[in-house]
Amino acid sequence: MSLTLLLGIGSTPELTLCFVNNKIAGSQVNKAIYQTARQWLFLAGAGLLSSGCHSVYSTAQSSANASASDTQPVVASANRALPRIQTHNGRHRLLVDDKPYLMLAGQTNNSANYPHALDKVWPVIKQLNANTLGIPVAWEQIEPVEGEFDFSFLDALIAQAKAQDVRVVLLWFASWKNNAPHYAPAWVKLDNQRFPRVIDKQGKVLNSLSPHGLNTLAADKKAFSRLMRYLQEHDRDHQVIMVQVENEVGTYGSKRDYSATAQQIFEGPVPQALLKALNKQPGTWEDVFGKHADETFHAWHIGRYVDEIAQAAKHIKPLPMNVNAALRNPFNPGDGYSMGGPTDNMLDVWKAAAPHIDMLSPDIYFRDHRTVNKVLSLYARPDNPLFVAEIGNDQPYARYLFDTLGFQGIGFAPFGMDYTDYANFPLGAKTVNDATIAPFAEIFNLFRPMQEAWAALSYQHPVYGFSEAPPHDESQQIWNAQDSGKPTAGEAEQPAYTQTADLGLWDVEITYGREMFWINPPTGNQPASGGVSIIKLSDSEFLVTGLRARVTFTGSAELDGQPTMIKRVEEGHFEGQQWVFERVWNGDQTDWGLNFTDTPHILKVSLATYQHH
Ligand code: DGJ
C-alpha cells in the first residue's frame, strides 16, 4: 500500500518513508520537508500509519489515473474545522477556520482550470486584494476516460492556493455549463442514447442535457463524489471552502424537456414535497401551475438532480455548496432566459427541490444601479445567504459591493479576473489590465482588513448599503438592462446624487461628488463610483465606511424634533474582531458630514440628543 502527500515543487518523489510494523524500513529525506517526515514518524510511532511506503511528491507529479490507493486519507496534515454557513434569525455568515469570513473573491475566466494557466491567475488575485479565488474544475478533465480519474489540476491548485494564502471556491463544470454539457467528457457528449439531451416542443434535440437522464445523473454524481473524496483526503486544511454545483444550470430555447420520458412524468402528479413547500393542492403539473407548469417542472427536476449530486458529495465532505443563476431581468423577464435554473421566479421551487444547496447565487451582468439592487433584494432572503457568485469586472460594478454588504452579503466575486487573455465585454471590461483591476482592488482594500469583523457584525446587527446611482446611466443599453424600464410610481425616486434612509432613531443622507467642506450641492463622481456601507451597532451607534461620499446623520421622526448632536466619531481599524481606536474626528471633519475620499477610513459614530431646557 502507498500513500502520497503532495507538497513543494519538483518532479520526483522528495521523500519516501517505508514502514514495517510501525518502524522505518528505509527513507530518503529532503530537508525542506523534514517537518512532514517528523509528523509521519510521529504517526507511525503512534501506530496511525500503516505498513508500506509513503511518498511525498512534488506538485508537478500528476495523480493521473488515480487508483484506489490514491484515495486513501493523507494522514500527515492538520484537520481544521470545516467551513460552514450559519443562519440565525434569518441572518447568515460563513465560517472559515471557525471564524466569520467575508469572501472578497475573484473568479477566473472559464478556461483557467489547468496548472499552466495558474501563473496567469495569481498575480491578478494578489493585485485585487482578494482572499478567495473562484475557479472551475471540469468533469472532462478529471474523468477523461470513464472510470479513470485525474486530479493533477487540483494537486497544483490546492498547493499553490495554500502558498498564496488564498481560499478557493471550486466550480463544478459538468452536466451544465451555461445550459450546455460543454465541460462534460467526450464519452458523455457523444452518447446521446445513454446521456439524453432536452427535446423541445417541436422535437428538436437541444444541446442541453435532460435532467431526466438517470445515467447522466449517476455518472455526474459519481464523478462529483470522486472530486469530493479527493478534497476530503487531500485538502485536510480546507483550502477549498465552498463548491459550486454545476454552472448556470438550465436550458435556453425550451421551457422543459418534451421527450416521451419527460412527458410521462409531466402528466403525473406534482410531488408532495413541492406541494407542501408552496402550499398547493394536489394535481398534475398543469393543474397546479397552469401556464408556469413547464418552467416549474424543469426547475424542479434540475433542482432535484443537483440536490442528489450535492447530497452524495456532502456525505463525503460537507462543504457549503451553491448554485449560480443566469438571471432573468427582474423587471421585464420575457422568456428568453435560461429556463429551469434558480431565476428569481423559481427560488421557492429550488429551495424545495434542493435542500442540500446552501445558496442560490446571482451572476450579475446588469450594470445599472436599479436592476442590480433589485436582484440583490431578491436573492438575499432569510433562507438564502446572498453570495454574488459572479459580477462583471468593469468599473461600474465595483461599487455594488457596498450594496451587497447592505443586503448582508457573504461574498462578492468579479468575473474574469486573470491574465489568460480574455475579456467578456460587454458583460465586463474591454480588457483586463491594471486599470480594470484597480476599482475592485480599491474596495477590497477597504474591506479586506476588517473582513472578519464585518462578517461577524453583519451577522448580529442591521446593515445598510448604498452606491451611487447616476440619473443618466450610460450603461443602460448594455446587456438586457434596457428591459428594466423606468422606476415605477411605487419606487421612491431619490434626487440625483443624494440618497436617504431611515435607520430607526436616525436618518442618514448620502451624497456624492462634493467638496469636503461647506454646503455646495453634490454633483456626482465621474464616473459613478461612490458608496457607503453601515452597520447599526445599537440605536445610536453606527459603524460607517465608504468611498467618495458624504454621510450625514439627522434625527428621525422617532426623536420628535429633539435637538441632536454627534457624541463622538472614532476612526480606527479592526484587528480580527477587535476595534482598535486611532483618533477622534471632530470640527471640520464632522461639521459638514463625514466625508469619505479615495482613502480607506472606518468610523464608529455615536449620536445623541441634548437637553434644550
Ligand atoms: C456567466 C457564466 O457563469 C460564466 O462562466 C461566463 O460564461 C460568463 N457568463 C460570460 O463570460
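Values in this document were obtained by computation on a predicted structure and should not be read as measured data. We count ligands from 1, going down the list as the structure has it; atoms in each ligand are counted the same way.
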Please confirm whether Gln107 comes within less than 3.5 Å of ligand 1 when only nitrogen or oxygen atoms on both sides are compared. no
Leu427: numbered ligand 1 atoms lying under 4.0 Å from its heavy atoms: 10 (C)
For Trp172 and Phe224, I'd like to know if the aromatic rings sit close, meaning centre-to-centre distance below 6.0 Å. yes
Centroid-centroid distance, His212 to Phe297, less than 6.0 Å: yes
Are any of the N/O atoms in Tyr365 less than 3.5 Å from those in ligand 1? no
Heavy atom of the protein closest to atom 6 (C) of ligand 1 (residue, atom name, distance): Phe415 CZ, 3.6 Å
Taking the cut-offs as 6.0 angstrom to the six-membered ring centre and 45 degrees off its axis, would you call Arg367 and Tyr400 a cation-pi pair? no
Which is it for Lys314 and Asp358 under the salt bridge (Lys or Arg N to Asp or Glu O under 4.0 Å) test, yes or no, and what are the steps along the way? CA-CA 11 Å; Lys314 281 193 167 185; Asp358 301 88; 2.7 Å; yes
Write out the residue and atom name of the closest protein heavy atom to atom 5 (O) of ligand 1, then the distance separating them to 0.1 Å. Asn110 ND2, 2.9 Å
Note: ligand 1 atoms sitting under 4.0 Å from heavy atoms of Asp363 are 3 (O)
What protein heavy atom sits nearest atom 7 (O) of ligand 1, and how far off is it? Asn178 ND2, 3.0 Å
What heavy-atom pair brings Tyr305 and Ser210 nearest, and what distance separates the two atoms? CE1-O, 4.4 Å
Please say whether the positively charged group of Arg93, taken as NZ for Lys or CZ for Arg, lies over the ring of Tyr101, i.e. under 6.0 angstrom from the six-membered ring centre and within 45 degrees of the axis. no
With a 4.0 Å heavy-atom cut-off (strictly under), which part of Asn109 contacts ligand 1: side chain, backbone, both or neither? neither
A student checking ligand 1 against Asn247 at a 4.0 Å heavy-atom cut-off should list atoms 2 (C), 3 (O), 5 (O)
Taking atom 4 (C) of ligand 1 as the reference point, the nearest protein heavy atom with its distance: Glu390 OE1, 3.4 Å
Counting non-hydrogen protein atoms only, what is the nearest one to atom 11 (O) of ligand 1? Give residue, atom name and distance. Asn424 ND2, 2.8 Å
Going through the distances and angles, do Glu308 and Lys221 end up as a salt bridge (Lys or Arg N to Asp or Glu O under 4.0 Å)? CA-CA 8 Å; Glu308 192 169 326; Lys221 183 163 77 174; 2.8 Å; yes
The atoms of ligand 1 lying under 4.0 Å from a heavy atom of Glu248, numbered in the order shown, are 1 (C), 2 (C), 3 (O)
Using the six-membered ring wherever Trp is involved, compare the ring planes of Tyr365 and Phe415 and label them parallel, tilted or perpendicular (cut-offs 30° and 60°). perpendicular
